[in-house]
Amino acid sequence: MSKLNETDIQGFVLRGYNLPYGRYILLRFENPDRARALVSKLLPIITTGQRWDNGKPQSTVNIGFTHRGLAALALPDATLLSFPVEFQQGMKKRADILGDTGLNAPARWDDVWHGNDVHAWLGINGLTATALDDCCSQLRSLFAETRGAVELAAQDAVSNMVDGQQTGKEHFGYTDGFGNPDYLGIERNSQPGHGKQLPDGSWAPLATGELLLGYADEAGELPAAPIPHILASNGTFMVYRKLHQNLATFRSFLDEQSAVYGGGREKLAAKLIGRWRDGTPLELAPDAPDPSIVKDPQRSTNFTYGADGAGTRCPIGAHMRRAHPRDAFGFNGKLIDRRRITRRGQTYGRFVPEGELASDAEERGVVFMVLNANISRQFEFVQQQWIEYGNDAKQGNDKDPLMGNHGGHGKFVVQGDRSATNPPLVCAHLPSFVELRGGDYFFIPSMTALGMIAMKLVDPR
Amino acid sequence: MSNINGKVYAMNAITPMKPWKTWVLRLIFFVLGHVKSLQQDLINLSFIEFARWVVVPRAGFPQFGNGQEPEKLTYDYLLFFSNFNGTWNQYIDAFSAVLSKGLNLIWQWSEKFPGSVPVTLFKEYIGRVQFDTDYYFTAYPHATANDLKAAHAVQASYDDLRSRVNSLSDAEFADAYMSFVLQVQPNLGETGEAPVVF
Ligand code: HEM
């Protein structure tokens with residue numbers, strides 16, 4: 001397959017920028033004409049997928065719309081009704097499907113999500129805090145000048161720093177950001193373990209249509225997309241979820257359980273995710289972290305679960321093994337190739353190193369963003385069937401130990417062996433380590449589509 | 001009236017076949033039925049509790065007498081009946097992704113069968129030929145096939161341990177108990193409510 005037209009695709013879709021400062025601004029449109037005028041003004045500022053030959057820019061801007069936002073931009077009804085139903089409904093209405101109940105129920109979300117006012121999302125990233133602020137002031141003057149949108153809320157995010165250095169660590173202390181799918185045509189160094197597995201055991205990029213609308217997907221079909229097709233092509237859908245992390249609960253859980261677990265605290269932490277906190281995959285190094293693997297892209301995501309059916313290296317219910325089961329369900333991974341998601345997360349809140357006091361009440365977590373061509377087949381399926389349920393992994397109703405909506409009733413089995421340092425362990429009455437604070441489903445249009453929206457050129461046929 | 005009972009979904013599909021093709025299908029069934037390895041993929045899909053295809057010949061429909069006129073049917077019919085765990089979409093996606101050749105072998109003799117790939121046309125076809133379940137008994141609506149297999153494994157290990165427990169010294173018991181835990185540890189998932197259908 002030939003290269004994609006990178007200048008037509010929003011940059012955020014093609015790559016994680018890995019810029020340390022982020023701000024996610026949520027907008028409400030007041031009037032379709034003025035909103036379109038704002039979109040016109042934003043067009044030249046939006047960061048595309050064009051390669052950065054001269055190094056990273058100071059800041060980046062990307063945009064997405066909820067279904068209500070597209071309606072507020074007065075897209076034709078025939079177009080609005082052609083979007084997939086889950087996007088039309090929005091994330092809040094999908095709460096029961098997603099298991100967003102109890103502690104995660106919409107009633108407990110941040111205020112901004114309580115109405116149905118969120119029309120657009122602007123994702124801004126900066127190399128420095130100043131660059132981020134400068135970019136945001138520029139945007140805010142455009143809101144004022146066009147009177148196209150009201151800023152409802154701004155969610156700041158910042159990569160966790162250790163000794164002033166940006167790290168890939170999230171708040172629980174795990175190094176994140178190893179596993180993300182490769183797609184055909186996207187210029188990026190392909191890495192074993194990123195795409196899909198072939199019968200001979202090698203790895204190949206996934207079909208482009210698993211990420212982008214307008215291209216064949218893994219079933220050889222075009223993903224369901226709105227009409228006209230030019231509005232959809234080179235666009236995708238984004239799931240935005242603000243995931244609060246109960247850091248104090250997490251740490252005291254590790255303290256309590258490791259007191260009775262022969263493997264010790266760090267191994268228990270590793271068993272929950274499937275990687276040691278430095279990122280070493282348990283499948284490759286079950287006894288101790290190995291920094292040489294973490295540094296080596298040929299190895300850091302290059303593993304499978306097939307030979308560990310009993311879960312004695314990486315537990316069957318560990319987060320990573322659930323969220324991307326690789327060959328765990330047999331058939332060379334063919335059952336999971338259409339359930340892959342691209343993650344673009346960023347941490348928010350103050351990073352508290354181990355040993356310092358942390359409280360659950362502090363604002364802290366991950367702005368978890370997922371890109372996929374089909375929200376219902378990809379994100380919703382993973383969330384419902386693999387995070388909040390366990391049948392495919394043969395773990396019954398057991399949920400993801402860390403991400404599950406447990407509310408005090410969770411269970412996690414660490415499969416082990418006869419050795420003193422890898423014994424079996426059953427953790428019961430799990431609390432919720434992660435809670436949902438809001439979010440929605442967004443359409444991330446191509447540059448062409450943004451232009452069409454701005455110029456009122458969207459004709460359903 | 002629903003196709004869903006707890007964690008289980010019952011699918012009935014009936015498709016017409018020209019009678020001469022029925023003979024070809026019968027031959028295929030004969031081969032599939034005698035070569036177990038050909039059934040392996042179907043068996044390995046662990047969320048399928050049961051799946052069966054049966055030919056209903058046009059002369060094979062019941063006649064109740066009492067003035068019921070014999071029907072003149074021009075087609076034979078293929079009944080597909082399956083019980084599975086998980087969503088309808090997941091089931092058909094999996095069929096299409098990993099069993100497409102086998103399904104085509106069985107269903108291509110039915111009228112208007114579009115092939116099991118691409119999956120959207122296949123789903124449309126199944127949607128059209130599917131008929132709903134009138135009565136559905138499930139002994140364990142809160143359990144999947146995997147849950148039941150896991151429960152059997154745990155029970156067998158437990159029974160084995162119990163049968164030996166009185167004859168074991170403390171040290172031997174510790175060892176036997178460890179073996180028991182290692183045997184059952186992959187099989188300890190909870191049973192419970194099914195996720196919301198979508
Ligand atoms: C606070 C919330 C979360 C945290 C802290 C977290 C943390 C992690 C970590 C540390 C890894 C391993 C690093 C890597 O392989 O890249 C990982 C992998 C992953 N997570 Fe999460 N996660 C969170 C929520 C979720 C949710 C809700 C989903 C899905 C709906 C998800 C899907 C994935 C996937 C797909 C992978 C990649 C696995 C692979 O390719 O092997 N995560 N996560």
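Every chain is numbered from 1 and lettered A, B, ... according to where its sequence line falls, protein lines coming before strand lines.
Shown here for A:Ala219 and B:Val117, the closest heavy-atom pair between the two residues is O-CG1, 4.5 Å. Summarising the geometry of B:Asn44 relative to A:Phe331, their closest heavy-atom pair is CB-CZ, 3.7 Å, with the distance given to 0.1 Å. What you find for B:Phe47 and A:Asp392 is that their closest heavy atoms are CD2-OD1, 4.3 Å.
Only the side chain of A:Arg338 has a heavy atom closer than 4.5 Å to any heavy atom of chain B. Contact of A:Ile97 with chain B is made through backbone and side chain together, with heavy-atom distances under 4.5 Å. Heavy-atom distances place the side chain of B:Val181, and not its backbone, under 4.5 Å from chain A. Contacts between A:Val426 and chain B at a heavy-atom distance below 4.5 Å involve the side chain alone, from C-beta outward. Residue contact with chain B, scored on non-hydrogen atoms closer than 4.5 Å, involves the backbone and the side chain of A:Gln415 alike. Contacts between A:Lys411 and chain B at a heavy-atom distance below 4.5 Å involve the side chain alone, from C-beta outward. Contact of A:Gln395 with chain B is made through backbone and side chain together, with heavy-atom distances under 4.5 Å. Of the atoms belonging to A:Ser376, heavy atoms from both backbone and side chain fall under 4.5 Å from chain B. Heavy atoms closer than 4.5 Å to chain A are found nowhere in B:Lys149, neither backbone nor side chain. Proximity to chain A is limited to the side chain of B:Leu182, based on heavy atoms less than 4.5 angstrom apart. At a 4.5 Å heavy-atom cutoff, the contact between A:Phe381 and chain B is made by backbone and side-chain atoms alike.
Annotation: B:Gln40, atom CD; neighbour count of heavy atoms from other residues, nucleotides and ligands within 6.0 Å is above 12. Counted within 6.0 Å of OH on B:Tyr158, heavy atoms from surrounding residues, nucleotides or ligands total 12 or fewer; the atom is thus considered open. A 6.0 Å sphere centred on OH of B:Tyr140 holds no more than 12 heavy atoms belonging to other residues, nucleotides or ligands. At most 12 heavy atoms of other shown residues, nucleotides or ligands fall within 6.0 angstrom of atom CG in B:Asn66. Other residues, nucleotides and ligands contribute more than 12 heavy atoms inside 6.0 Å of the NE2 atom of B:His142. Residue-environment remark: NZ (A:Lys334) stays at or below the threshold of 12 foreign heavy atoms within 6.0 Å. A 6.0 Å sphere centred on OH of B:Tyr177 holds no more than 12 heavy atoms belonging to other residues, nucleotides or ligands. Residue-environment remark: CG (B:Asp170) stays at or below the threshold of 12 foreign heavy atoms within 6.0 Å.
Every residue two or more places apart in sequence or in another chain that forms a salt bridge (Lys or Arg N to Asp or Glu O under 4.0 Å) with A:Lys196 is listed here: A:Glu218. Scored by the ring pair (Phe, Tyr, Trp, His ring centres under 6.0 Å) test, A:Phe379 finds no partners at all (sequence neighbours excluded). Scored by the ring pair (Phe, Tyr, Trp, His ring centres under 6.0 Å) test, B:His34 finds B:Phe30 as partners (sequence neighbours excluded).
For the atom pair CG (A:Asn397) and CG (B:Asp147), the distance works out to 7.0 Å, reported to the nearest 0.5 Å. Taken from CG in B:Leu45 to CG in A:Leu335, the straight-line distance is 6.0 Å, to the nearest 0.5 Å. If you take CG on A:Asp417 and CD on B:Gln185, they are separated by 8.0 Å, rounding to the nearest 0.5 Å. The CD atom of A:Glu86 sits 8.5 Å away from atom CZ of B:Phe198, with the distance rounded to the nearest 0.5 Å.
Remark: the backbone N or O of B:Pro118 is not paired with any side-chain donor or acceptor of A:Glu221 at under 3.5 angstrom. For A:Lys394 (side chain) and B:Ser46 (main-chain N/O), no donor-acceptor pair under 3.5 Å exists by modelled atom type. The backbone N or O of A:Asn391 sits less than 3.5 Å from a side-chain atom of B:Asn146, completing a donor-acceptor pair.
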Taking it one step at a time, do B:Lys7 and A:Tyr389 satisfy side chain to side chain contact (heavy atoms under 4.5 Å, CB included)? CA-CA 12 Å; B:Lys7 288 183 173 178; A:Tyr389 188 55; 3.3 Å; yes
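Inspection of non-hydrogen atoms places B:Asn85, B:Thr87, B:Gln90, B:Asp93, B:Ala94, B:Ala97, B:Val98 of residues 84-115 of chain B under 4.5 Å from chain A.
Interface check for chain B: of the options A:Gly330, A:Gly317, A:Gly416, the most heavy-atom pairs under 4.5 Å are formed by A:Gly416. Each of B:Ala143, B:Ser179, B:Ala150 has some count of heavy-atom pairs under 4.5 Å with chain A, and the biggest count is that of B:Ser179.
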